[in-house]
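Take a look at the structure set out below.
Labels below follow one simple rule: chain letters A, B, ... track the order of the sequence lines, proteins then strands, and each chain is numbered from 1.
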Amino acid sequence: MEQHIHQALLEAAPQLFGCTITEEHIQFQQTRKDVEGDLTLVVFPFVKLLRCSPQEAGEKIKTWIEAHITGVSHCVAINGFLNIVFTNDYWLKQLNQIQQTPMYGFAEPASKPTVMVEYASPNTNKPLHLGHLRNIFLGASVAEILKAVGHKVVRTQVINDRGIHICKSMLAWEKFSPVNDKGERETPVNTGLKGDKLVGKYYVEFDKALQKEAKEIIANWLSGNFSDTPEAIKDAVLNFQKAKDGKDEKAQAAIDDKIKELAKNQTAILQEAKDMLVRWEARDPQVYLLWTTMNGWVYEGFDATYSQMGVSFDKLYYESDTFLLGKDQVMEGLKRGVFYQKSDGSVWIDLSADGLDEKLVLRSDGTAVYMTQDIGTAIDRFKDFPDLHGMVYTVGNEQDYHFKVLFLILQKLGYAWAKNCFHLSYGMVDLPSGKMKSREGTVVDADDLMEEVIDKAKTMTQERGHLEGLSNLEREQLYTQIGLGGLKYYLLKVDPKKRMLFNPEESIDLTGNTGPFLQYTHARICTLLEKANYASETLIETAPLQAEEKEIIKQLALFESTLNEAAKVYSPALLANYTYELVKLYNTFYQSVKIVIEPNHEVRQLRLALSASVKQVLAQSLNLLGVEAPTRM
RNA sequence: GGUCUCGUAGUUCAACGGAUAGAAUAAGCGUUUCCUAAACGUUUGAUCCAGGUUCGAUUCCUGGCGAGACCA
């Protein structure tokens with residue numbers, strides 16, 4: 001309808017205004033709730049054109065629309081806005097249409113190009129935490145949304161499975177794991193620990209041992225004992241010590257940190273880890289076996305977590321396979337003059353013309369940096385999937401600069417698809433106590449959190465739910481649906497770009513703007529329709545329509561444009577807010593009228609059709625958010 | 001030091017440059033002979049500061065103040 005009026009106005013402009021108008025003149029918006037109208041045309045843009053008051057301009061357009069647009073009942077011009085009211089017939093037709101379209105609002109599957117969505121880039125020595133949950137729920141939801149608007153989607157994750165940090169947990173396990181009476185060190189099987197948790201534990205063990213040794217070294221240094229310390233380090237330490245004189249507390253602490261860094265580098269245990277990395281890179285069989293074994297434990301653990309989260313992937317990338325990629329492309333780009341080489345042999349790109357800095361893409365010793373790897377990986381993916389059109393990287397906003405540079409480099413290397421790469425940047429999740437810090441033990445573990453929300457859902461559901469007739473298994477599933485639904489909705493309803501606060505208390509609330517609130521409404525409609533034995537049939541188009549009923553149809557009609565907008569800006573939050581609005585309207589309606597027990601057949605049929613349509617759209621959008629829609633609760 | 005992001009009720013979040021800045025929560029009051037009260041209705045409360053652009057600014061620009069991130 002909006003399109004229709006838009007087009008009609010463009011065509012009629014010469015006759016109506018005496019001149020042609022452009023797209024920009026025609027601005028539609030949703031009518032405010034407290035005034036009459038179904039669609040609002042902003043009149044201000046026409047005022048200059050017509051050289052008259054906003055009120056006069058409004059009246060003029062009003063007369064024209066009322067006379068020429070079918071489906072419009074009448075218009076009201078106030079304060080520079082023209083509120084257009086559609087006929088009841090129009091809205092009933094809309095409802096009929098929604099009801100008869102099974103995947104209403106969705107585009108034809110695979111009608112748009114393939115897009116790869118990357119989310120979750122876990123590190124194999126740290127169990128998943130709250131930050132990962134936001135990342136993964138966000139990426140998974142965006143993937144679903146892109147599918148819904150017609151894209152083919154490849155969901156992927158990159159696993160950070162190599163490097164010095166992996167060697168740390170491997171080494172700590174070899175050194176510190178107790179041996180049981182069967183002569184085995186700790187494994188997930190003999191400890192009952194989840195694989196990722198076990199490995200994470202040894203990563204922490206390594207750090208403890210490192211700190212301890214560093215402390216001893218510093219103590220030696222402070223007492224003037226510099227045996228075993230290289231001269232250069234000794235000088236550096238002494239210089240730092242001198243620099244502390246006369247500085248304030250904060251500056252002194254910063255210097256102490258630098259000394260600590262030096263001490264850590266002198267520890268035997270870190271040296272051992274570095275040696276192990278060298279052996280790993282040389283494919284030492286013993287180290288390789290340990291690496292594959294421990295990574296295997298971690299993957300089992302991650303799989304369990306993903307399964308609980310209800311997410312999956314189509315393709316996995318391992319850094320151990322891709323960390324050597326990109327060097328060739330850099331050398332190639334160097335030949336073509338995209339990059340330049342400094343006298344020490346390192347390779348750089350100068351992006352100052354684009355408002356950015358100079359950026360290192362290959363070290364002087366020929367080793368790769370993250371950027372090198374990401375260049376290579378991106379190119380590699382387009383080789384893996386020849387019909388790939390674009391990529392979405394779901395990565396935290398601390399990498400904003402990195403991705404800006406990456407996309408620019410890919411563009412300069414001549415890859416046309418670079419413009420279809422998007423960094424889905426999301427804000428950090430803070431806790432009421434501040435930032436999550438692993439060192440201070442304030443990290444919220446993903447498994448623990450999910451267990452907690454499911455537990456809470458269980459308690460609450462047992463208290464007030466309608467569980468009769470459900471098997472134990474069905475009940476457990478329901479608790480999971482509610483708990484996780486609440487958690488997902490809580491994390492997704494906020495604009496992804498924004499930093500958000502996670503309050504453990506609120507995430508499992510059941511009232512207000514929450515997942516369970518939406519689920520509850522869905523469940524209630526399900527039983528309602530069941531009781532009514534509802535079968536959809538074409539509605540009579542002249543039935544009376546109450547204000548509450550019309551509001552719901554209006555909101556239903558907005559689903560498609562909301563979905564498209566959510567896909568365009570990669571924001572599940574838009575969909576979440578839309579759905580919440582729909583549910584609120586429906587609940588108001590539900591409380592104020594009779595539905596199943598309505599005696600008038602025509603009215604009853606209309607209200608049931610309305611309920612069925614709300615249920616359908618509600619279930620669809622919950623699904624897009626990764627939230628399940630229980631049929632009772 | 002340079003670059004980027006963000007500042008909205010007590011709190012957590014909304015608002016293509018548009019009308020009287022919306023919700024939720026917390027607190028009070030009210031609604032079950034009737035379809036699930038995890039619901040509904042109702043009362044109280046906010047745009048960091050100073051300029052500028054505009055018919056109109058929470059939104060855009062400049063300068064402060066405050067929070068965070070990245071780069072050396």
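In this model, the phosphate group of B:rA69 is approached by a side-chain N or O of A:Lys435 to a distance below 4.0 Å at OP1 or OP2.
The P atoms of B:rG22 and B:rA9 are separated by 15 Å, rounded to the nearest whole Å. Using P as the reference atom, B:rG51 and B:rU59 are 14 Å apart when rounded to the nearest Å. Spacing of P atoms, B:rU44 relative to B:rG2, comes out at 48 Å, to the nearest Å. Between B:rG66 and B:rU54, the two P atoms lie 32 Å apart (nearest whole Å). Taking the P atom of each, B:rC61 and B:rC4 are spaced 11 Å apart, rounded to whole Å. B:rA21 and B:rC13 have their C1' atoms separated by 14 Å, given to the nearest Å. For B:rC49 and B:rU58, the C1' atoms lie 14 Å apart once the distance is rounded to whole Å. Across the P atoms, B:rC70 and B:rG63 are found 24 Å apart, a figure rounded to whole Å.
Rounding to the nearest 0.5 angstrom, the gap separating the CG atom in A:Leu575 from the NZ atom in A:Lys493 is 15.0 Å. Once rounded to the nearest 0.5 Å, the distance linking CD of A:Gln477 with OG1 of A:Thr480 reads 7.5 Å.
Between the OH atom of A:Tyr580 and the C1' atom of B:rC40 there is a distance of 12 Å, given to the nearest Å. The interatomic distance linking A:Tyr426 (OH) with B:rC4 (P) rounds to 23 Å, in whole Å. Look at CD1 on A:Ile525: it is 14 Å from P on B:rA39, rounded to the nearest Å. In this structure, A:Asn587 atom CG and B:rA24 atom P are separated by 12 Å, rounded to whole Å. The interatomic distance linking A:Leu356 (CG) with B:rC70 (P) rounds to 17 Å, in whole Å. Rounding to whole angstrom units, CG of residue A:Leu360 and P of B:rA72 are separated by 9 Å.
Heavy-atom contacts from other residues, nucleotides or ligands closer than 6.0 Å to NZ of A:Lys550 number more than 12. Within a 6.0 Å sphere centred on NZ of A:Lys258, other residues, nucleotides and ligands contribute 12 heavy atoms or fewer.
Legend: side chain to side chain donor-acceptor pair (under 3.5 Å) pairs involving residues 559-579 of chain A, not counting sequence neighbours, sorted by first then second residue: A:Thr579-A:Ser621. Pairs of residues two or more places apart, or lying in two chains, that qualify as salt bridge (Lys or Arg N to Asp or Glu O under 4.0 Å) and include a residue from residues 605-619 of chain A are A:Glu549-A:Arg607, A:Glu598-A:Arg607. Screening residues 582-626 of chain A for ring pair (Phe, Tyr, Trp, His ring centres under 6.0 Å) gives A:Tyr586-A:Phe589 as the qualifying pairs, with residues at least two apart or on separate chains. Applying the ring pair (Phe, Tyr, Trp, His ring centres under 6.0 Å) test to every pair with at least one member in residues 476-504 of chain A, sequence neighbours left out, gives these pairs: A:Tyr490-A:Phe502.
For A:Asp455, the salt bridge (charged side-chain N to carboxylate O under 4.0 Å, His left out) criterion is met by no residue, not counting sequence neighbours. Not counting sequence neighbours, the partners of A:Tyr340 by the side-chain hydrogen bond (donor to acceptor under 3.5 Å, both in side chains) test are A:Glu358. For A:Lys62, the salt bridge (charged side-chain N to carboxylate O under 4.0 Å, His left out) partners at least two apart in sequence or on another chain are A:Glu66.
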Check: Under a cut-off of 3.5 Å for both distances of each Watson-Crick or G-U pair, what dot-bracket string does RNA chain B give, using [ ] for crossing pairs and | for inter-strand pairs?
Finding: (((((((..((((....[...)))).(((((.......)))))....(((((..]....)))))))))))).
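No engagement by A:Lys497 is indicated, since no non-hydrogen atom pair under 4.0 Å with the nucleic acid exists.
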Margin query: So if I define the base as every atom that isn't primed, P, OP1 or OP2, how would nucleotides 8-21 of chain B read as a B/S/- string at a heavy-atom cutoff under 4.0 Å?
Written below: ----SSS-B-BBB-
Checklist line | Protein proximity profile, nucleotides 30-38 of chain B - base contact B, sugar-phosphate-only contact S, no contact -, cut-off 4.0 Å on heavy atoms | finding: ----SBBSB
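Side-chain N or O atoms of A:Asn135 include one that pairs as donor or acceptor with a backbone N or O of A:Thr394 at under 3.5 Å. In this structure a side-chain-to-backbone donor-acceptor pair under 3.5 Å is present from A:Arg604 to A:Val596. Under a 3.5 Å cut-off, the side chain of A:Asp495 and the backbone N or O of A:Lys497 do form a donor-acceptor pair. When atom types are taken as modelled, the side chain of A:Gln519 and the backbone of A:Glu628 share a donor-acceptor pair closer than 3.5 angstrom.
Contacts between residues 393-408 of chain A and RNA chain B, defined by a heavy-atom separation below 4.0 Å, involve A:Glu398, A:Tyr401, listed by number. For the segment residues 608-629 of chain A, the set of residues with a heavy atom within less than 4.0 Å of an atom of RNA chain B is empty.
Remark: the A:Thr527 side chain and the A:Glu530 side chain contain no N/O donor-acceptor pair separated by less than 3.5 Å.
With respect to A:Asp344 and A:Arg363, no salt bridge is recorded, no charged nitrogen being found less than 4.0 Å from a carboxylate O.
With its glycosidic angle more than 90° from 0, B:rU43 is assigned anti.
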